[in-house]
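Shown next, in structure tokens, is the structure this report addresses.
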Protein chains: 2
Amino acid sequence: MILETALRMFRERGYADTTMRAIAKEAGVAVGNAYYYFDSKEHLIQGFYDHMQGAHRVAAAPVLDGEREFAARLRGVLHAGIDVNAPYHSFAATFFKTAAEPTSPLSPFSRQSSPARDASIGIFRDVMEGSTAKIDPELRVHLPELLWLAWMGVTLFWVYDSSPEQRRTRRLIDGVVPLIDRLVGLSRLRVLRPALRQVLELLDNVRRDD
Amino acid sequence: MILETALRMFRERGYADTTMRAIAKEAGVAVGNAYYYFDSKEHLIQGFYDHMQGAHRVAAAPVLDGEREFAARLRGVLHAGIDVNAPYHSFAATFFKTAAEPTSPLSPFSRQSSPARDASIGIFRDVMEGSTAKIDPELRVHLPELLWLAWMGVTLFWVYDSSPEQRRTRRLIDGVVPLIDRLVGLSRLRVLRPALRQVLELLDNVRRDD
DNA sequence: GGGTTTTCTTGAACGTGTTCAAACAAGGGC
DNA sequence: GCCCTTGTTTGAACACGTTCAAGAAAACCC
């Protein structure tokens with residue numbers, strides 16, 4: 001009940017303008033009680049994350065069910081992601097700062113976010129596996145995560161996008177999907193094998209934590 | 001005087017643990033006076049930005065003066081950037097959130113940051129122009145900005161990098177520079193012209209603000 | 001039912017960034 | 001010298017996120 005109230009008020013009045021006192025009052029509890037269930041105001045946003053992740057899955061379903069071509073699948077899923085987030089653009093901008101902090105549990109790379117992250121990567125695995133594209137086997141292992149990373153990039157761009165209705169983000173998606181599609185298609189060419197290896201090796205190196 | 005005091009205290013005790021009251025007291029003024037000269041606590045960080053930008057320029061100079069090869073120049077400049085930022089890694093992580101907010105004047109994309117941004121892009125123009133690399137003329141126009149964008153990406157990675165001495169960031173630089181070098185070299189190949197055009201057109205489309 | 005422990009709930013209080021009316025200082029014109 | 005304007009400086013006051021000692025309710029045990 002506290003969570004629903006909070007998310008509704010965030011949507012209506014923005015994150016910064018919604019005080020914990022107001023949330024508690026509206027939910028009919030004492031302010032201290034809200035802190036009994038949620039460690040901080042930021043933690044209330046985690047619920048928003050999960051909700052958005054589920055909505056993306058739902059919005060992407062028609063595309064994933066009806067389309068077999070890799071580029072069309074990817075494009076559809078990315079646009080679907082922007083679709084579901086669109087109503088929250090101004091809200092997202094105000095709380096993005098808290099999600100951006102590396103030590104925050106709200107960071108998309110944090111351990112607390114890993115369920116939502118894994119689910120999101122799953123969508124992009126679906127994009128790949130349900131498509132007719134022939135993909136280099138070494139690339140197949142990492143591609144879902146790479147696509148998720150691209151999605152994070154698109155999201156980052158979207159947060160900063162101040163154009164009307166975030167049209168620049170739409171253009172970014174339409175422009176970048178063919179490039180990714182082309183690169184993925186080229187991945188099986190023998191001449192580009194060394195380059196691909198180089199990229200994947202870089203990924204492994206960068207992930208290594210020592 | 002207020003600015004110097006603030007930056008020193010940020011460095012010594014971290015951003016969050018340094019209160020405006022403490023800064024004012026240490027600087028020998030009333031707290032309201034600090035707000036007369038700086039709109040907010042965040043604005044005190046702009047001075048830090050400018051300082052870092054200058055230090056990067058200085059640290060990059062030996063490389064830019066002594067090295068002619070494109071890859072070596074880029075690699076040296078990126079490592080120099082990490083070198084000067086290294087002492088402030090934990091500090092940077094705590095105030096990064098305020099810089100990440102799209103509407104914040106501290107955002108690297110904001111108008112207030114444009115002097116520092118232009119200066120930084122200038123470094124990468126120098127990387128390009130001082131090198132012996134033969135670069136497609138269409139690419140030449142945009143490459144400095146693209147390299148700056150890559151530098152922003154490296155910085156983003158660095159902020160999130162929790163490995164000892166941020167070694168992963170070092171590996172990222174060493175791995176990504178050869179890739180960029182290869183791409184830049186390939187940019188003049190006739191067969192890749194359409195792909196390059198596609199990328200540059202995407203950039204223009206995305207920049208267009210309508 | 002009575003006693004004990006655990007879970008939940010409360011709201012005053014703390015420290016924070018920030019604001020603002022009021023006071024003070026520095027010129028500038030005559 | 002005196003007024004007026006403009007630029008500075010002050011610190012109390014405000015609203016906020018958060019904490020915590022204290023109490024209420026629930027669950028559990030015999």
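Reminder, nothing fancy here: chain letters follow the sequence lines and each chain counts from 1. Heavy-atom basis, side chains included; hydrogens, waters and symmetry copies ignored.
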Rounded interatomic separation in angstrom, taking CG from A/D39 and C1' from D/dT19: 13 Å
Closest-nucleotide ordering on DNA chain C, the 5'-leading residue of A/A34 and A/R21: A/A34
B/K25 NZ - D/dT9 C1' separation (whole Å): 18 Å
Sugar-phosphate, base or nothing in reach of A/V29, heavy atoms under 4.0 Å: sugar-phosphate
Side chain of B/V31 - closest among D/dA12, D/dT19, D/dG17: D/dA12
Between P of D/dG17 and CD of A/E42, the distance in whole Å: 11 Å
Selected nucleotide, minimal atom distance to B/N33 side chain, candidates D/dT9, C/dT16, D/dT19: D/dT9
Integer-rounded Å distance: D/dG17 C1' and A/F10 CZ: 12 Å
Sidechain-backbone polar pair: A/R171 side chain, B/N205 backbone, donor-acceptor under 3.5 Å: yes
Distance in angstrom units between B/Y35 OH and C/dT19 P, rounded: 7 Å
Value in whole Å for how far the C1' atom of C/dT16 lies from NZ of A/K41: 14 Å
Whether A/F124 and A/H56 hold their rings parallel, tilted or perpendicular, with breakpoints at 30° and 60°: perpendicular
Separation of atom CD1 in A/I23 from atom C1' in D/dC16, rounded to whole Å: 12 Å
Flag for B/D174-B/H79: side-chain donor and acceptor within less than 3.5 Å: yes
From D/dT9, C/dC8, D/dG17, nucleotide with atom closest to A/Y36 side chain: C/dC8
Sugar-phosphate only, base, or nothing, as touched by B/Y37 at under 4.0 Å among non-hydrogen atoms: sugar-phosphate
Integer-rounded Å distance: C/dT16 C1' and B/Y15 OH: 12 Å
Beyond-backbone contact of B/R140 with B/E129, side-chain heavy atoms, under 4.5 angstrom: yes
Donor + acceptor pair across side chains of B/R182, A/Q198 (<3.5 Å): yes
